[in-house]
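Here the structure comes first, spelled out in structure tokens, and everything after it is commentary.
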Amino acid sequence: MINTQDILETINMIREENLDIRTITMGISLLDCADSDIERACDRIYDKICRKAEKLVYTGEDIEKQYGIPIINKRISVTPIAMILAASGGDPVKYAKTLDRAAKQVGVNFLGGYSALVHKGFASGDEALINSIPEALSETERICSSVNIGSTKTGINMDAVRLMGKIVRQSAVLTKDKGLVGPSKLVVFCNAPEDNPFMAGAFHGAGEPDCVINVGVSGPGVVRAALSKIPEADITQVADTVKKTAFKITRVGQLVASVASERLGVPFGIVDLSLAPTPAVGDSVAHILEEMGLEQCGACGTTACLALLNDAVKKGGVMASSHVGGLSGAFIPVSEDAGMIDAARSGSLLIEKLEAMTAVCSVGLDMIAIPGDTPEEVIAGIIADEAAIGMVNSKTTAVRVIPAIGKKDGEEINFGGLFGVSPIMKVNTASPAKFISRGGRIPAPLQSLKN
Amino acid sequence: MRAIITVVGKDMVGILAKISTVCAQHNVNVIEVSQSILQDMFCMIMLVDVSKCDIEFTAFAEGCRKLGDELHLSVNAMHEDIFNSMHRI
């Protein structure tokens with residue numbers, strides 16, 4: 001039998017340190033639902049999602065009880081809807097409403113894939129879909145949207161960057177009386193992964209199989225607790241401890257992924273080994289950085305600590321799973337992380353520092369509230385900066401900022417639930433309008449020429 | 001299928017008997033038991049075979065948890081594989 005200490009360690013991780021499976025996400029291809037008639041396409045989409053995901057929630061709950069590990073979310077990602085819209089034309093919001101209905105029917109809390117991939121240019125359907133995002137997000141409950149505007153291989157589509165500055169702002173305006181849910185469910189990517197199980201940026205890429213199970217694990221609390229046991233250790237030992245802990249966390253994800261895939265009769269895709277914080281006490285990435293020896297997140301040294309953490313998480317996780325993918329690393333959303341919220345409130349964490357941190361974390365500027373009067377070209381400028389970091393470093397970066405309509409920096413907004421609370425962060429308002437209005441494409445960097 | 005039942009809490013008379021009784025009631029065979037005192041806490045770990053259990057494992061696990069609540073102990077019954085996957089390569 002496994003020794004007592006190991007058994008108690010596992011129980012403690014789950015009961016005290018918030019180890020959980022953050023999401024089982026079923027990726028469903030909708031390519032075979034495309035039709036020149038939008039009504040027929042919607043019917044096919046609804047039927048396919050209900051058929052494939054019929055048992056998803058039930059199976060997730062059953063595994064949760066049997067293995068004693070919380071599985072927080074059961075979700076669905078689908079083929080970027082812009083591809084389906086290309087065949088049918090018509091009002092894209094019809095697709096959003098169909099997806100919302102299907103999500104409710106099968107009982108998942110979010111469905112991602114109201115998306116367009118426009119990193120090199122707009123194809124048929126792309127612009128119409130992007131323009132419909134604010135309305136789609138304000139008129140549905142469970143739909144998440146994402147747009148990929150750049151990649152290392154293609155450069156950055158600056159026309160799309162300009163458009164997304166406007167769309168993010170419009171999404172906020174349209175949902176200002178609904179807790180600003182629009183922009184909190186909209187992600188602008190550079191180098192978007194096609195198999196990411198985490199919302200709001202999940203979609204089912206065109207290279208994916210017909211149906212697949214991807215699992216996202218989490219456990220910032222477990223990593224922090226492990227580090228708190230070695231307060232005097234040098235940094236080599238710190239990295240080693242993170243690595244070993246990430247290995248254990250990911251093994252649980254691999255187990256759940258393989259059991260879920262077997263029971264649902266759907267192939268296993270990847271495990272995404274991300275440290276995804278929640279506003280709950282003891283579930284913070286910022287607190288891990290502080291455990292490493294920073295007075296508060298945002299202090300000088302934060303980027304170095306985060307680089308170490310992100311790298312060690314991947315090294316530990318890679319051996320623990322047969323297929324690692326998605327975003328994999330440490331997330332740094334502001335409103336969803338108790339330590340980040342405190343650091344932003346006290347003025348220790350500024351948006352410029354967060355931008356530097358995104359060069360070494362797994363994603364980007366995430367769940368950051370900005371003043372409501374931030375002009376759309378400034379939002380576009382933020383998107384361009386993030387995309388440039390992703391493009392040059394061959395990594396995924398993303399922007400999910402929330403223009404807090406009617407509020408100024410220094411105030412706070414409460415999103416409720418997992419989205420948390422966010423102090424509104426000050427943004428440099430010197431205008432990038434001329435640069436943004438030029439349009440065109442930033443050429444792919446030398447890093448792309450690997451052939 | 002095999003499961004691991006862990007019992008952690010303040011030591012008292014009859015813990016082993018009570019947990020074993022629940023196992024016997026549901027035709028769950030106890031394969032191995034180890035118990036120790038860790039930092040003044042009673043800690044018992046049982047490896048059990050639940051393949052002939054007369055109720056769903058999830059209901060059995062829920063029954064164990066409820067018994068724990070009555071006795072002011074933390075009782076968990078979990079599939080063995082979660083421990084195997086985490087601690088064995």
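What you are looking at is a predicted structure, and each value in this text was computed from that prediction instead of being measured. Side chains included, hydrogens not; waters and symmetry mates left out as well; all remaining heavy atoms used. Letters A, B, ... mirror the listed sequences (proteins, then strands); counts begin at 1.
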Give the minimum heavy-atom separation between R22(A) and S218(A), together with the two atoms involved.
NH2-OG, 3.4 Å
Would you sort out whether S20(B) and M46(B) count as a side chain to side chain contact (heavy atoms under 4.5 Å, CB included), showing the intermediate values?
CA-CA 9 Å; S20(B) 319; M46(B) 295 169 105; 4.0 Å; yes
I'd like to verify something: which residue of I249(A), T4(A), D6(A) has the highest number of heavy-atom pairs under 4.5 Å with chain B?
D6(A)
Side-chain donor-acceptor contact under 3.5 Å, D283(A) with T278(A)
yes
Should M13(A) and K248(A) be marked as a side chain to side chain contact (heavy atoms under 4.5 Å, CB included) after you check the CA-CA gap, both sets of side-chain angles, and the distance that decides it?
CA-CA 10 Å; M13(A) 279 182 184; K248(A) 291 176 185 171; 3.9 Å; yes
Sort I31(B) into side chain, backbone, both or neither according to what part of it lies under 4.5 angstrom from a heavy atom of chain A.
neither
Let me confirm one number: the CD1-CD1 distance from I5(B) to I7(A), rounded to the nearest 0.5 Å.
11.5 Å
Under the side chain to side chain contact (heavy atoms under 4.5 Å, CB included) rule, what do N310(A) and S362(A) come out as? Steps first, then yes or no, please.
CA-CA 7 Å; N310(A) 202 40; S362(A) 69; 3.9 Å; yes
Could you please spell out the steps behind the salt bridge (charged side-chain N to carboxylate O under 4.0 Å, His left out) verdict for D69(B) and K66(B)?
CA-CA 5 Å; D69(B) 289 346; K66(B) 279 192 183 144; over 6 Å; no
Got a sec: does the NZ of K244(A) have more than 12 other heavy atoms crowding it under 6.0 Å?
no
For E56(B), does the CD atom have more than 12 heavy-atom neighbours from other residues, nucleotides or ligands under 6.0 Å away?
no
Which atoms of T6(B) are under 4.5 Å from chain A, going by heavy atoms: the side chain, the backbone, both sets, or neither?
side chain
Minimum heavy-atom separation for G269(A) and N214(A), please, with both atom names.
CA-OD1, 3.3 Å
Interface residues of residues 52-70 of chain A facing chain B - heavy atom cut-off under 4.5 Å
D62(A), K65(A), Q66(A), Y67(A), G68(A), I69(A)
Tell me the residues of residues 319-328 of chain A whose non-hydrogen atoms fall below 4.5 Å from those of chain B, in number order.
M319(A)
Decide yes or no for V215(A) and D272(A): does some side-chain heavy atom of the first lie under 4.5 Å from some side-chain heavy atom of the second?
no
If you apply the rule side chain to side chain donor-acceptor pair (under 3.5 Å), what do you find for D337(A) with S284(A), and how did you get there?
CA-CA 5 Å; D337(A) 185 309; S284(A) 156; 2.6 Å; yes
Members of residues 250-266 of chain A whose heavy atoms come closer than 4.5 Å to chain B
R251(A), V252(A), L255(A)
Below 4.5 Å, heavy atoms only, C-beta onward: do R2(B) and V48(B) meet side chain to side chain?
no
Using a 4.5 Å cut-off on heavy atoms from C-beta on, say whether the side chain of S77(A) contacts that of T25(A).
yes
Checking F57(B) against chain A: side chain, backbone, both or neither under 4.5 Å from a heavy atom?
side chain
Is any side-chain heavy atom of F42(B) closer than 4.5 Å to a side-chain heavy atom of V8(B)?
no
When only heavy atoms count and the cut-off is under 4.5 Å, which of residues 224-237 of chain A reach chain B?
none
Pair M292(A)-L308(A), side chain to side chain contact (heavy atoms under 4.5 Å, CB included): steps then yes or no
CA-CA 10 Å; M292(A) 287 183 191; L308(A) 177 160; 3.8 Å; yes
Between N109(A) and the options R75(A), K74(A), R142(A), the side-chain hydrogen bond (donor to acceptor under 3.5 Å, both in side chains) test singles out R75(A)
